[in-house]
Protein chains: 2
Amino acid sequence: MSDKVRLAPVGLGRWARVLARGAQRGDVIELASCFSRDEAKRRAFCEEFGIPRSAVTYEELLADPEVEGILITTPNDTHLPLILQALEAGKAVYTDKPIAHTLEDAVRIAEAVGDLGAVFAVGHSARRLAGCRVMKQWISDGRLGEVSLAEANFSNERGLELTPGTWRFYAAKSPGGSMIQLGVHHADNLQYLLGPVASVTAHARRLHTRAEVPDAVMAILEFASGALAHLGAGWASPGVYTLNLLGTKANLMYDLDFTHWDQSHLADDYSTLRSQAYGESERPVVELPRTDMFREQLEEFALAIRGQAEVEVGATEATHALAVVRAALESSERDGAAVTLDEVIEAAGGRHVTAR
Amino acid sequence: MSDKVRLAPVGLGRWARVLARGAQRGDVIELASCFSRDEAKRRAFCEEFGIPRSAVTYEELLADPEVEGILITTPNDTHLPLILQALEAGKAVYTDKPIAHTLEDAVRIAEAVGDLGAVFAVGHSARRLAGCRVMKQWISDGRLGEVSLAEANFSNERGLELTPGTWRFYAAKSPGGSMIQLGVHHADNLQYLLGPVASVTAHARRLHTRAEVPDAVMAILEFASGALAHLGAGWASPGVYTLNLLGTKANLMYDLDFTHWDQSHLADDYSTLRSQAYGESERPVVELPRTDMFREQLEEFALAIRGQAEVEVGATEATHALAVVRAALESSERDGAAVTLDEVIEAAGGRHVTAR
């Protein structure tokens with residue numbers, strides 16, 4: 001028997017495939033089983049990825065002693081029960097972002113993870129893109145000086161194409177629309193780069209989508225450091241993924257062609273980071289190393305199960321990202337008045353988790 | 001005697017030179033006189049631009065029957081008295097942006113212009129840049145579809161270099177710092193492109209400047225159309241001038257190297273407009289015609305004096321741009337709560353000028 005870490009995908013749709021391909025690009029992970037309620041999906045998935053067996057019920061999967069951890073890619077509103085059940089069965093859990101569809105669920109997940117001391121990871125992979133990693137390095141090295149303004153946008157045309165057949169169509173299953181599906185990535189990136197967000201001011205509008213959820217969201221994040229960031233998330237335009245930092249010594253501008261996101265070993269090839277030094281208007285390209293965010297986050301999760309790595313984005317980080325989304329929606333309901341992260345986390349039953 | 005329109009610069013600093021060079025690139029305007037309280041400045045200015053005479057007092061300039069219009073480039077807080085005096089003397093007036101340092105002054109200027117039926121123009125030149133003109137054309141042609149999100153940033157390092165010797169250092173003379181000096185340009189551009197702003201949500205912070213004014217401002221503008229725009233204006237980083245529109249059919253991304261702004265006949269050479277069509281991630285460059293914003297706005301003003309042109313940016317447009325700045329500062333004082341343009345204009349004694 002190989003010494004690979006044995007994981008099992010749950011929810012065998014498009015995203016499970018993206019992650020399975022990421023896992024199989026390395027030699028740390030073995031996909032040992034899988035689960036979906038749909039038998040045809042199970043059979044096809046096993047065949048595509050050479051998985052030896054699948055489970056007919058979730059309970060059967062969780063009872064399988066061979067399975068060390070599970071990879072959840074089911075709809076956001078199903079995360080809480082699936083995660084709790086798996087944690088209670090002693091399995092390590094990786095879940096796709098957002099950690100849950102509501103902050104209340106996120107807080108319950110975080111509590112369970114804490115109580116059980118479980119290995120738990122959330123797929124906020126975007127911070128692992130080479131551009132984001134290099135930005136973080138430049139900040140740590142002091143090469144940007146003090147960052148006062150940051151600007152992030154993640155938008156695409158999804159809202160124009162949503163139909164009632166998909167769970168993302170519904171406010172109860174995916175409150176926040178483009179903000180919880182796309183904006184939450186930058187909510188994590190920005191806190192990774194600039195530290196904890198103190199409060200959020202935002203407007204969320206439903207303009208051109210037929211879905212129940214907003215497709216035009218703009219937020220201003222105020223950080224504990226005093227810096228401000230703009231976070232835009234739209235669902236009614238061609239795709240955009242940008243992240244710019246304006247510092248007293250230099251600016252950094254990052255632009256990613258999101259269409260290659262799924263093949264994360266190629267994503268850096270379709271991204272550009274430019275720098276602009278004080279007193280200069282030229283913006284030379286910054287050389288980027290090559291990363292593979294999906295493979296790396298899954299391998300980190302797998303090795304953490306064996307005690308050989310630490311999970312970078314766990315329940316706390318993921319809850320803070322979701323709290324930005326929740327605070328933005330709350331602020332929009334209050335006509336833009338600033339809403340603190342503490343306030344929404346506490347209202348969701350959470351402890352004061354943001355260090356200031 | 002030539003048939004050129006005879007104008008006179010007032011306040012003979014760096015900006016008066018930029019405008020004088022713009023005027024002299026064409027053959028519509030003759031600089032017939034000029035005024036500054038400083039005799040050495042007057043002499044040097046006359047020599048540099050071949051101006052036949054200067055006035056020792058403002059009253060003398062305004063009494064000169066040869067002078068048809070004046071070009072004001074004095075500090076913002078001096079605009080109101082200089083403009084009123086000139087209008088009462090029967091002169092046409094061009095003033096640099098912002099129209100005034102306070103909305104109260106702007107409203108008084110707008111009323112005087114209306115009462116006297118005077119020719120009055122404000123130097124919101126940025127909307128004349130080829131990139132902005134082409135954006136407007138694409139919107140009018142329906143090529144962008146419906147714009148739901150716009151993102152604009154105008155930032156530079158000025159706040160880090162301000163000393164108590166300059167009027168921009170002081171809150172009483174230049175309230176809003178980077179927002180009134182830089183952001184006001186995009187406040188006009190965005191309303192030119194997307195129609196009237198209904199309300200503004202913003203945070204203004206003084207982070208790294210020694211001056212009394214904010215150097216980090218972020219605002220979310222909500223338009224009467226329902227669209228949202230982000231407007232960032234910072235004074236603590238290398239220079240950035242960007243304007244992006246996200247539409248249901250296409251995106252447009254505009255980027256200008258501001259260091260060539262002063263030579264407005266070259267500015268388009270240092271700007272790039274890219275488009276991104278629905279379903280595409282490529283962003284081909286959009287060919288731009290060449291413009292000369294300073295020359296064009298001054299010639300338009302000059303010809304309007306002779307009844308041969310209409311002023312594009314008058315007191316109403318300039319007041320609306322300043323009202324965005326004022327609403328942003330007011331919103332920041334109210335912790336981000338949305339502030340309507342109507343509200344700040346009315347509070348400044350103005351009539352309800354925004355058509356909805």
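All chains are named by letter (A, B, ...) in the order of the sequence lines, taking the proteins before the strands, and each is independently numbered beginning at 1.
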Count the heavy-atom pairs under 4.5 Å between each of [options] and chain B, then report the option with the highest count.
options                                : answer
A:Asp257, A:Leu149, A:Asn244           : A:Leu149
A:Val147, A:Val240, A:Ile220, A:Leu245 : A:Ile220
A:Gly234, A:Ala229, A:Gly159           : A:Ala229
A:Ser237, A:Pro238, A:Gly232           : A:Pro238
A:Glu280, A:Glu282, A:Arg283           : A:Arg283

Backbone N/O of [Y] and side chain of [X]: donor-acceptor pair under 3.5 Å:
X        : Y        : value
A:Thr166 : A:Phe169 : no
A:Asp268 : A:Ala130 : yes
A:Arg206 : A:Ala211 : yes
A:Asp215 : A:Leu207 : yes

Under a plain distance cut-off of 3.5 Å, with no hydrogens placed, do [Y] and [X] share a side-chain donor-acceptor pair?
X        : Y        : answer
B:His203 : A:Thr201 : yes
A:Asn153 : A:Ser155 : yes
B:Thr242 : B:Asp255 : no
A:Glu151 : B:His230 : yes

message: Evaluate A:Arg14 against A:Asp262 for salt bridge (Lys or Arg N to Asp or Glu O under 4.0 Å), listing each step before the verdict.
response: CA-CA 10 Å; A:Arg14 187 178 75 84; A:Asp262 289 8; 2.4 Å; yes

Which bit of [X] is near chain B, if near means a heavy-atom gap under 4.5 Å: side chain, backbone, both or neither?
X        : answer
A:Thr248 : both
A:Val217 : backbone
A:Asn251 : both

Chain A: which of [options] shares the most heavy-atom pairs with it under 4.5 Å?
options                                : result
B:Ala216, B:Gly226, B:Ala219, B:Gly247 : B:Gly247
B:Ala236, B:Ala202, B:Gly145           : B:Ala236
B:Thr259, B:Leu160, B:Val339, B:Leu144 : B:Leu160

field: Residues of residues 323-336 of chain B within contact distance of chain A, non-hydrogen under 4.5 Å
entry: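 Hits under 4.5 Å: B:Asp335, B:Gly336.
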
- line: Rounding to 0.5 Å, atoms CG (B:Leu162) and CD (B:Glu157) come to a distance of 10.5 Å

B:Tyr254 versus B:Leu273, closest heavy-atom pair with distance: CB-CD1, 3.8 Å

